[in-house]
Amino acid sequence: MALTLMAVHAHPDDEAIGTGGILARAAAEGIRTVVVTCTNGEYGDGPGGVKPGQEGHDPEAVAKVRKAELEAACRALNVTHLEMLGYHDSGMVDWEYKANQGVFARVPLEEATQRLAALFEHYRPDVVVTYEEESAYDHPDHVQTARVTLATAKATGIPRKLYLTALSLKNWQKLATMMQERGIESPFSDPDPAWVERLQASEAKITTAVDVKAYAQAKRAAVQAHASQMDESFFNKLPPDLFDFAFGEETFIRASDTTGVPVPEVDLFAGLR
């Protein structure tokens with residue numbers, strides 16, 4: 001039976017940004033790939049970048065667009081299976097929506113874990129990738145996704161290896177310098193010190209760096225498929241060589257392992273093939 005990689009994400013577009021490289025690489029290596037998206041992304045941008053609560057923002061319409069974009073992105077990455085849990089987006093950490101009944105951040109952990117466990121049982125993933133609960137990006141849906149995935153992995157004992165996405169601060173600082181040298185506006189030119197501190201803490205725990213340079217353009221195609229959210233983002237302002245530099249490597253923290261393979265690693269499937 002072929003090996004299986006499952007990436008568990010919060011919203012449509014997270015699969016491309018965080019794990020597009022490893023998904024495309026795994027598919028090219030004959031590994032079955034499964035993307036699980038927990039929410040519908042209702043509180044993403046509407047037409048023209050309109051935000052939730054502003055005139056012209058229709059959460060249901062946004063979700064419909066984002067679902068189609070997610071399906072297109074998965075095709076660009078040759079993802080084998082896409083599963084959407086269908087939970088309602090909770091909005092950003094400083095928005096009031098996260099307190100609403102029914103949003104993903106308010107769903108009881110046991111309920112969501114049971115839903116994800118059913119997918120674990122069905123696909124039997126060898127490797128699962130999700131977020132670090134205490135990462136620098138504290139979006140309520142990302143935090144909930146991390147909690148649910150970690151709880152599911154522990155309850156089922158199915159994944160043979162479990163990884164958490166982690167950014168390399170050094171690489172992003174180099175990218176910011178390169179963007180500045182070319183006159184390209186960078187969102188990292190004046191970062192919040194607290195954000196940098198949390199990013200440094202995550203970087204110190206990185207165990208695994210996967211070379212995905214050969215799949216950077218597949219990742220770019222997947223990011224661009226999410227046009228409603230990404231057309232005005234810095235991702236699309238990067239020339240190809242800078243995009244390849246920024247996204248030619250994806251880094252992770254190995255959270256659990258049954259193989260005994262030492263770290264650091266360069267392969268999520270080390271010890272499994």
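Heavy-atom basis, side chains included; hydrogens, waters and symmetry copies ignored. Predicted model, so just to flag it, every value in this text is computed and none were measured.
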What is the ring orientation for W95 with Y97, classed by angle as parallel under 30°, tilted 30 to 60°, or perpendicular over 60°?
-> perpendicular

Flag the pair V103 / Y87 as yes when at least one side-chain heavy-atom distance between them is below 4.5 Å, and no otherwise.
-> no

Out of curiosity, does M230 fall in the hydrophobic cluster containing L242 (side-chain heavy atoms, cut-off under 4.5 Å, transitive links)? yes

Can you say whether the rings of W172 and F247 are parallel (under 30°), tilted (30 to 60°) or perpendicular (over 60°)?
perpendicular

Close side-chain approach of L5 to F269, heavy-atom, < 4.5 Å = yes

- [ ] Compare all side-chain heavy atoms of V127 with those of L3 and state whether any distance is below 4.5 angstrom.
- [x] no

Nearest heavy-atom contact between L77 and A16 is CD1-CA, 4.5 Å

To the nearest 0.5 Å, atom CG of L169 lies from atom NZ of K174 at 11.0 Å

Original post:
Is the shortest heavy-atom distance from the side chain of M92 to the side chain of Y43 under 4.5 Å?
Top reply: no

Value for CG (D138) from NE2 (H142), rounded to nearest 0.5 Å, stands at 10.0 Å

Under 3.5 Å, is there a donor-acceptor pair between the side chain of K219 and the main chain of F243?
-> no

- Please indicate whether E71 has more than 12 foreign heavy atoms, meaning atoms of other residues, nucleotides or ligands, lying under 6.0 Å from its CD. yes

Between A246 and L175, the two heavy atoms sitting closest are CB-CD2, 3.6 Å

With sequence neighbours left out, the residues meeting salt bridge (Lys or Arg N to Asp or Glu O under 4.0 Å) with R147 are E133

Considering only heavy atoms from C-beta outward, does the side chain of F120 approach that of V128 to under 4.5 Å?
yes

Between A73 and H226, the two heavy atoms sitting closest are CB-NE2, 3.4 Å

message: Within a 6.0 Å radius of atom CD on Q180, are there more than 12 heavy atoms belonging to other residues, nucleotides or ligands?
response: no

Between the SG atom in C38 and the CG atom in D141, the distance rounded to the nearest 0.5 Å is 8.5 Å

Looking only at heavy atoms, the pair that brings T33 and L23 closest together is CG2-O, 3.8 Å

The complete set of ring-ring contact (aromatic ring centres under 6.0 Å, His included) pairs with one or both residues in residues 12-36, sequence neighbours excluded, reads none

Could you walk me through whether V148 and T130 pass side-chain contact (heavy atoms from CB on, under 4.5 Å), step by step? CA-CA 10 Å; V148 170; T130 191; over 6 Å; no

*Does the distance from a Lys or Arg side-chain N to an Asp or Glu carboxylate O, for E265 and K161, drop under 4.0 Å?*
yes

Using a 4.5 Å cut-off on heavy atoms from C-beta on, say whether the side chain of L167 contacts that of S202.
no

Report the C-alpha distance between L119 and L85 in whole Å, list the side-chain angles of each, state the deciding distance to 0.1 Å, and finish with yes or no for side-chain contact (heavy atoms from CB on, under 4.5 Å).
CA-CA 10 Å; L119 295 179; L85 295 185; 3.8 Å; yes

Practice problem: May I ask you to check whether T39 and D89 show a side-chain donor-acceptor distance below 3.5 Å? | Solution: no

| Test item: E15 side-chain N/O and T37 main-chain N/O as donor-acceptor pair under 3.5 Å | no

Worksheet item: If you measure only the distance, is there a donor-acceptor pair under 3.5 Å linking the side chains of Y123 and E83?
Response: yes

Separation between NE2 (H9) and OG1 (T149), nearest 0.5 Å, reads 9.5 Å

- Query: Looking at R66 and D13, does any basic side-chain N land under 4.0 Å from a carboxylate oxygen?
  - Reply: yes

Decide yes or no for R124 and E121: does some side-chain heavy atom of the first lie under 4.5 Å from some side-chain heavy atom of the second? yes

In this structure, CZ of R32 is separated from OG1 of T80 (nearest 0.5 Å) by 7.5 Å

| message | Any salt bridge linking E60 with K64? Criterion: basic side-chain nitrogen under 4.0 Å from a carboxylate oxygen. | response | no

Practice task
Indicate yes or no: does R273 engage D126 in a salt bridge with an N to O separation below 4.0 Å.
Solution key: no

Of all heavy-atom pairs linking V212 and E249, the shortest is CG2-N, 3.9 Å

| said: Parallel, tilted or perpendicular, judged at 30° and 60°: which one describes the rings of H11 and H139? | reply: perpendicular

Can you find a pair of side-chain heavy atoms, one from K213 and one from D244, that are under 4.5 Å apart?
-> no

query: Will you find, in the side chains of Q144 and S90, an N or O donor that is under 3.5 Å from an N or O acceptor?
result: no

Heavy-atom closest pair (N100 atom, R106 atom, distance to 0.1 Å) is O-CG, 3.3 Å

TODO: Determine yes or no for a side-chain-to-main-chain donor-acceptor pair under 3.5 angstrom, with D45 supplying the side chain and Q229 the backbone.
DONE: no

Quiz item: Do we see a donor-acceptor contact under 3.5 Å between the side chains of Y215 and E250?
Solution: no

**Message:** Whether the side chain of T165 engages the backbone of G18 through a donor-acceptor N/O pair (distance < 3.5 Å, no angle test) should be reported.
**Reply:** no

